[in-house]
Structures are given as structure tokens and as C-alpha cells.
There are 2 protein chains.
Amino acid sequence: MTIYDIARIAGVSASTVSRVVNNKPGIKEETRKQILALLEQYDYSPNETARGLVNKASRMIGILIADIRYAHHVDIAYYIEEEMGKHGYCSLILNTGLTDDKKVDAVKVLEQRRVDGVILVGSTFQCEAVKRALESGLSKVPVVITNGYLDLPNVKGVLVDEREGVEHCVEMLTAKGHEKLAFVLPNHTPSNLSKQQGFIQGMEKKGWKREGLWLYECPTTLEDGYAMMERILEEHPDVEGVIFGEDLSAVSAIRVLHDRKIQVPGQVAVMGVDNSKYCDICYPKLTSLNNRLLEMSLEAARILLDSLEGRENPDKIMLFSRIVEREST
Amino acid sequence: MTIYDIARIAGVSASTVSRVVNNKPGIKEETRKQILALLEQYDYSPNETARGLVNKASRMIGILIADIRYAHHVDIAYYIEEEMGKHGYCSLILNTGLTDDKKVDAVKVLEQRRVDGVILVGSTFQCEAVKRALESGLSKVPVVITNGYLDLPNVKGVLVDEREGVEHCVEMLTAKGHEKLAFVLPNHTPSNLSKQQGFIQGMEKKGWKREGLWLYECPTTLEDGYAMMERILEEHPDVEGVIFGEDLSAVSAIRVLHDRKIQVPGQVAVMGVDNSKYCDICYPKLTSLNNRLLEMSLEAARILLDSLEGRENPDKIMLFSRIVEREST
DNA sequence: TTGTATGCGTTATCAA
DNA sequence: TTGATAACGCATACAA
């Protein structure tokens with residue numbers, strides 16, 4: 001059923017039907033009613049593809065995300081999809097993984113689909129490869145990156161001061177008497193590296209030497225988190241607190257301590273980052289740095305909508321993280 | 001940059017460029033090379049919207065999901081997106097919530113977008129409203145529903161025998177000496193109701209009367225799960241086991257028992273359904289009925305691809321659930 | 001091997 | 001208030 005079909009049945013031209021469909025003025029009330037009835041009767045549904053072609057707007061946005069299965073990522077995707085949906089935009093969600101080539105491929109897909117805007121979820125997209133891909137293919141559409149920044153005229157960033165946040169974590173733990181701390185770095189994203197930076201600076205303020213700090217690296221899985229905590233305990237049996245760069249491995253670490261009958265937080269305090277659902281599920285409940293991912297995603301959607309509708313916004317917006325204390329500290 | 005632009009620069013016609021772009025035969029090797037170079041040089045990217053219009057195929061599929069934030073839903077969406085992406089299809093993921101009108105709206109959106117196929121995630125879409133919406137708008141495209149079935153010529157279903165699965169849970173628990181069991185029903189989806197049915201039948205086999213069974217209802221949240229378990233303990237202090245229709249509330253229940261120093265599974269055994277990530281995060285780890293959501297989603301994607309590419313498949317495919325024992329039973 | 005013409009379903013411009 | 005016509009970018013049948 002196209003506007004031509006409807007037009008033929010109604011005995012009018014296609015443009016008249018189009019006007020009715022789009023609620024344009026300048027149509028006699030009588031014909032409008034008649035056509036509206038026909039539209040209803042034949043269950044007419046406008047072809048968005050054709051609209052997109054002539055309007056040069058797909059009313060779709062792209063959401064690039066390393067892996068939507070991470071609890072904090074999925075929340076972001078959910079809220080963005082919901083918010084954009086309210087404004088008539090569909091979301092094309094692409095899981096890219098962490099490798100450059102797949103991220104670039106995903107940008108190409110969005111380019112072919114002629115999305116009207118893009119949201120990059122996570123600082124992993126703050127990299128040269130993505131920057132170049134955006135420059136070549138998507139330099140004309142607004143882009144928002146959460147938890148990162150790309151120096152491109154069409155890209156805006158929503159950031160969280162995770163560096164400072166983790167520094168506060170160090171302060172809080174030492175204030176509670178946990179002085180011998182370790183930090184566990186997840187993937188090498190700019191965001192994670194800045195968390196590590198915060199740890200280093202926090203410890204230096206307490207008089208520790210940079211070289212002597214207990215810095216570790218560990219992938220974002222339960223299994224790796226478990227092995228990580230075991231290793232820390234082996235290498236530093238006197239450890240008094242561990243800050244993990246994300247929640248999932250921290251959750252496993254808690255379990256290690258529990259299995260070994262090491263008091264949490266009595267003997268060893270544990271913290272995560274992301275303030276995800278996992279924090280309330282493990283035992284004891286995990287204290288975590290709330291890096292405001294929810295607010296960040298809503299901000300990102302808002303900024304993208306602003307750009308899409310011609311409203312101005314600053315290039316960078318900064319949110320402040322805060323510690324959510326639970327039972328593990 | 002369109003094929004016309006490239007054609008003009010190359011001094012050929014647009015159809016020649018189109019043929020090169022689509023790797024069609026019947027082009028002199030020399031011109032092909034020349035155009036390929038130009039395509040590369042000018043960073044040509046075919047407009048999928050225009051292609052979709054002429055090909056009458058969007059190469060997009062729709063994924064309808066009540067709420068992608070549920071751990072088991074997001075896994076499904078992830079695997080479907082990945083699998084379809086490999087075959088050149090983009091996924092339009094829409095969160096519909098549980099109300100009929102929003103589900104119907106989502107179907108309309110997919111209709112307007114002229115998706116080539118649809119996957120409905122979860123038995124919540126097995127309802128009259130969705131059925132009618134599909135009939136009116138999407139009767140021409142293949143649809144696959146996971147964990148449910150709709151009697152429509154273009155709809156195929158992938159099902160899991162959760163009824164039988166929960167019946168086995170009852171058997172297992174009673175075999176371990178937990179005889180006084182309660183069941184907690186999440187939302188009233190067909191899937192959840194069949195789990196409850198399995199519980200009832202399992203208990204009846206053990207000689208219980210249907211009327212005396214301890215049946216409860218509880219939304220899928222940590223808070224509600226906590227209150228639920230408290231209520232069960234209050235009303236039935238002699239309870240020996242609880243089967244929750246999904247994992248999240250079960251996780252909270254475990255915490256209640258732990259807080260009250262009630263041994264799990266010594267005094268009270270707890271089970272969930274979905275075998276989600278949550279099971280490994282809580283303490284003690286949660287035994288859960290694996291309803292094979294991962295395999296189901298891959299099957300759904302495979303069936304949809306088969307339909308899209310003209311291969312036949314049975315209308316229903318049944319998978320069998322199995323219990324994954326952890327520490328809570 | 002290549003080009004011309006047409007159509008996909010819309011919206012928009014201009015004329016009536 | 002309405003209609004004819006031309007785009008939008010591409011693929012394809014047919015002609016050359």
C-alpha cells in the first residue's frame with residue numbers, strides 16, 4: 001500500500017495523500033477526512049526508507065558499544081534507545097569488541113546506513129583508528145562519545161572525572177585504616193588508564209613511591225578476577241585493600257576472600273568501579289565508584305538530540321563521580 | 001559521493017559504476033580497475049537507504065525485547081546481533097516493556113522501517129495484541145519467537161520445555177530431602193506460567209494437593225525478591241526449598257537467608273531459572289535451571305536467516321532445559 | 001562490454 | 001486547495 005494506491009482509490013493525487021499523511025496544511029477538511037479514513041482502512045504505513053531517501057535523513061542513530069553484555073553498557077544502551085525512541089529515532093546498536101578493525105568496520109556500517117547521528121559508548125572509542133574512520137565517513141553527522149573525547153569538529157564528549165574519583169577512593173580507604181592498597185587495571189582504555197592514574201596520585205599523596213605501587217592487570221571476567229585476587233594475596237599477604245577498575249572482577253575477589261575466611265572489610269577492603277547491579281548481588285555487597293553512567297547516557301542522548309535539532313552545546317561536559325559505600329569497605 | 005559522481009569523473013555511465021560496486025560480471029577488467037581506484041580514492045560508500053528502496057529489502061531485522069537490561073535478555077540480543085551482523089543484517093533493537101500497547105507500537109515501527117525479518121525475544125510476545133499487529137503489518141516477513149509460539153503462517157517458534165524442567169527441579173529437591181517447597185512466579189508470561197505449571201505437577205506427583213501449594217508472585221527485582229523471601233519465611237517458617245521463576249529475585253532470597261543465619265542449602269535450598277551471570281556472583285552460588293537461552297537465540301537467528309534466504313524449517317523447535325547445580329541446593 | 005531508461009515510495013517545488 | 005513533475009541514489013531490463 002503506497003500513497004499512489006491510496007490516491008487512486010480516493011481519486012486524488014499522490015501529493016494530496018502525502019500532505020494528509022504528514023499533517024500539512026492547505027487541505028480541504030473534507031478530503032482530509034476521506035483520505036484519513038482510507039489510510040486507516042487500508043492500514044497504510046509510510047515507507048521510512050523512501051522518506052529517508054528524499055529527506056536525506058534516516059531518523060536512525062548508531063550506538064557503538066564494545067560489548068553490550070557488560071552490565072553498565074547495557075544500561076547505557078537501554079536509556080539511549082529509550083530516549084531517542086521517544087523522539088522518533090531508531091537505534092542501530094553495534095557490538096564492536098575492542099579491536100580497532102572491528103570498530104572501524106562498525107563505523108563503515110553506520111556510514112552506509114546513513115545514520116543521522118552516533119553515540120560512542122565508552123572511552124575505548126577514543127582512539128586514532130576510530131577518529132580517522134569518523135573523519136572519512138561520518139564527518140557530517142553529530143557524534144557524542146561517552147567517557148571520552150575526540151578532537152573533531154562534529155564530536156562532543158561527556159566525561160566523568162574517574163581519575164579524581166579513584167583518588168578519593170584511596171583517600172577513603174586510607175582514612176579507614178586500609179593503607180596497603182593494590183589497584184587492578186581492566187582493559188587499556190583511556191578511562192581505565194585514568195583510573196589507574198588516580199590511584200597512583202592518591203598513593204603518592206600518602207607518601208608512597210610510584211615504583212613500589214602494587215599495580216595489576218586483569219580482564220573483565222569472573223574467572224580472571226578470582227585468579228587475580230589469589231595472586232595478589234600470594235604476592236602481598238599483607239594487602240589491606242584492593243581497588244578494581246570495574247565491578248565484575250571485584251565481585252570475584254570478594255569471593256576469594258570469603259573462601260579463605262579473610263574478613264571483608266575487616267582485614268581487606270574491596271572496591272569496584274561502575275556501581276553496577278553486581279554490587280548488590282555479591283556478598284558482602286560491593287562498595288563502588290559511581291561513575292554516573294546513567295546520567296552520562298542521558299546527557300549523551302540529550303546532546304545528540306540537541307545537535308540533531310540544531311541546538312548548541314559545549315564540546316565537553318564533565319560529570320563528577322562519587323563513591324557508593326556498601327559492605328565491602 | 002554517489003555512483004553518478006564517480007561515473008562522471010570516470011567518464012562512464014552510472015550503471016557501469018553500479019556493476020563494479022556490486023561485483024557484477026560483464027565489465028572490462030581495465031574499466032573495473034579504474035573505477036575501483038576511483039571508488040577507493042573518493043571514499044565511496046553505497047547508500048543503503050537507496051539500495052533498500054530499489055531492492056525492496058532493508059537488510060535490517062527487528063529484535064523486540066521487553067527489557068534488554070535483564071541479564072538473560074541481553075545475552076540473547078548480543079548473540080542475535082552478532083550472528084545477523086555476520087550475514088550483513090543490522091539489528092534494530094526495541095525495548096517494548098510488558099504492556100500490549102507498547103509492544104504493538106514497536107511492531108508498527110518495524111513495519112515502517114520495512115525490516116526484512118523479526119525476532120521476538122521471550123514468551124511475553126506470545127499474545128493476541130502482538131499477533132494482530134503482526135498480521136496487519138508484518139505478515140510478509142519471517143518472524144521467529146523465542147520461548148513461545150504464535151499460530152501465524154510466517155511465524156516460527158523456538159521453545160524450551162520449562163514446564164518439564166521445573167518439574168525436574170522439584171524432583172531433585174525432594175530427592176535431596178527438601179520436601180516443603182514454595183514457587184515464586186515472576187510476570188505472567190506464558191513461559192513463567194508454564195514454569196509454575198511444572199511446579200504444580202511435580203508437587204502433585206509427590207502427593208501434595210494443588211490447593212495447599214505455596215505459590216507466590218513477585219516482580220523481577222532485587223528489592224521485591226528480598227521482601228518475597230521474608231514473607232515466605234514468615235508464612236511458612238518450615239519451608240525447605242524455594243524455586244524462583246528467574247534468578248534475580250532468587251539471588252535476593254539467598255541474601256535474606258544468609259542474613260538470618262539460615263543455612264543454604266542445609267535448611268533451605270534455593271533455585272532460580274535462566275542460569276544467568278547472577279548465579280555465579282551471589283553467595284552461595286545459585287543453582288539454576290538452564291533454559292538454554294543462548295542456544296535458543298542462535299537457533300532463532302539461524303532460522304530467521306534460513307527463512308530470509310529461502311530455506312525451509314519446521315514451525316517449532318524444542319530445546320530441553322537442564323539443571324545447573326551450584327551451591328544453593 | 002557499456003549506456004539509456006525506468007522505477008522503487010516519498011517529499012517538495014511550482015503551477016494551476 | 002490540488003496536481004504534475006522532479007528529485008533522492010541505486011539497480012536492472014533492455015538496447016546498442
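Here is the naming used below: chain letters follow the sequence lines, and residue numbers restart at 1 for every chain.
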Looking at the side chain of [X], which of [options] is the nearest nucleotide?
{"X": "B/Asn47", "options": "D/dA13, C/dT10, D/dC10", "answer": "D/dC10"}
{"X": "A/Asn55", "options": "C/dT10, D/dG9, C/dA12", "answer": "C/dA12"}
{"X": "B/Leu53", "options": "C/dA12, C/dC8, D/dT12", "answer": "C/dC8"}
{"X": "B/Asn22", "options": "D/dA11, C/dA12, D/dT2", "answer": "D/dA11"}
{"X": "B/Val54", "options": "C/dT2, C/dC14, C/dG7", "answer": "C/dG7"}
{"X": "B/Ser15", "options": "D/dC10, C/dG3, C/dT10", "answer": "C/dG3"}
{"X": "A/Tyr44", "options": "C/dC8, C/dT10, D/dT2", "answer": "C/dT10"}
{"X": "B/Ile27", "options": "C/dT2, D/dG3, C/dG9", "answer": "C/dT2"}
{"X": "A/Ile3", "options": "D/dA11, C/dT11, D/dC10", "answer": "C/dT11"}

Where each residue is assigned the nucleotide of DNA chain C containing its nearest heavy atom, which of B/Tyr4 and A/Ser18 is assigned the position nearer the 5′ end? B/Tyr4

Among B/Leu134, B/Ile63, B/Val155, B/Val144, which one satisfies side-chain contact (heavy atoms from CB on, under 4.5 Å) with B/Leu120? B/Leu134

What integer distance in Å separates [X]:[atom1] from [N]:[atom2]?
{"X": "A/Glu30", "N": "D/dT1", "atom1": "CD", "atom2": "C1'", "value": "12 Å"}
{"X": "B/Ile6", "N": "D/dC10", "atom1": "CD1", "atom2": "C1'", "value": "14 Å"}
{"X": "A/Met1", "N": "C/dT10", "atom1": "CE", "atom2": "P", "value": "11 Å"}

Report yes or no: do B/Asn187 and B/Thr189 form a side-chain donor-acceptor pair below 3.5 Å? no

Quiz question: by atom type and distance under 3.5 Å, do the side chains of B/Asp274 and B/Asn291 form a donor-acceptor pair? yes

When all nucleic acid strands are considered with a 4.0 Å heavy-atom cut-off, which category describes A/Val21: base, sugar-phosphate, or nothing? nothing

Could you tell me whether A/Thr49 contacts a base, only the sugar-phosphate backbone, or nothing, with contacts defined as non-hydrogen atoms closer than 4.0 Å? nothing

Does a side-chain N or O from [X] land closer than 4.0 Å to OP1 or OP2 of [N], or not?
{"X": "A/Lys24", "N": "C/dA12", "value": "yes"}
{"X": "B/Thr16", "N": "C/dT2", "value": "no"}
{"X": "B/Ser13", "N": "C/dG3", "value": "yes"}
{"X": "B/Lys56", "N": "C/dG7", "value": "no"}
{"X": "A/Arg51", "N": "C/dT11", "value": "yes"}

Taking ring pair (Phe, Tyr, Trp, His ring centres under 6.0 Å) as the cut-off, I'd like each qualifying pair that reaches into residues 78-136 of chain A, sequence neighbours left out, listed once. none

Determine whether any donor atom in the side chain of B/Arg19 lies under 3.5 Å from an acceptor atom in the base of C/dG3, or the reverse, and answer yes or no. yes

Can you establish whether the number of heavy atoms outside A/Lys131 located under 6.0 Å from its atom NZ is more than 12? yes

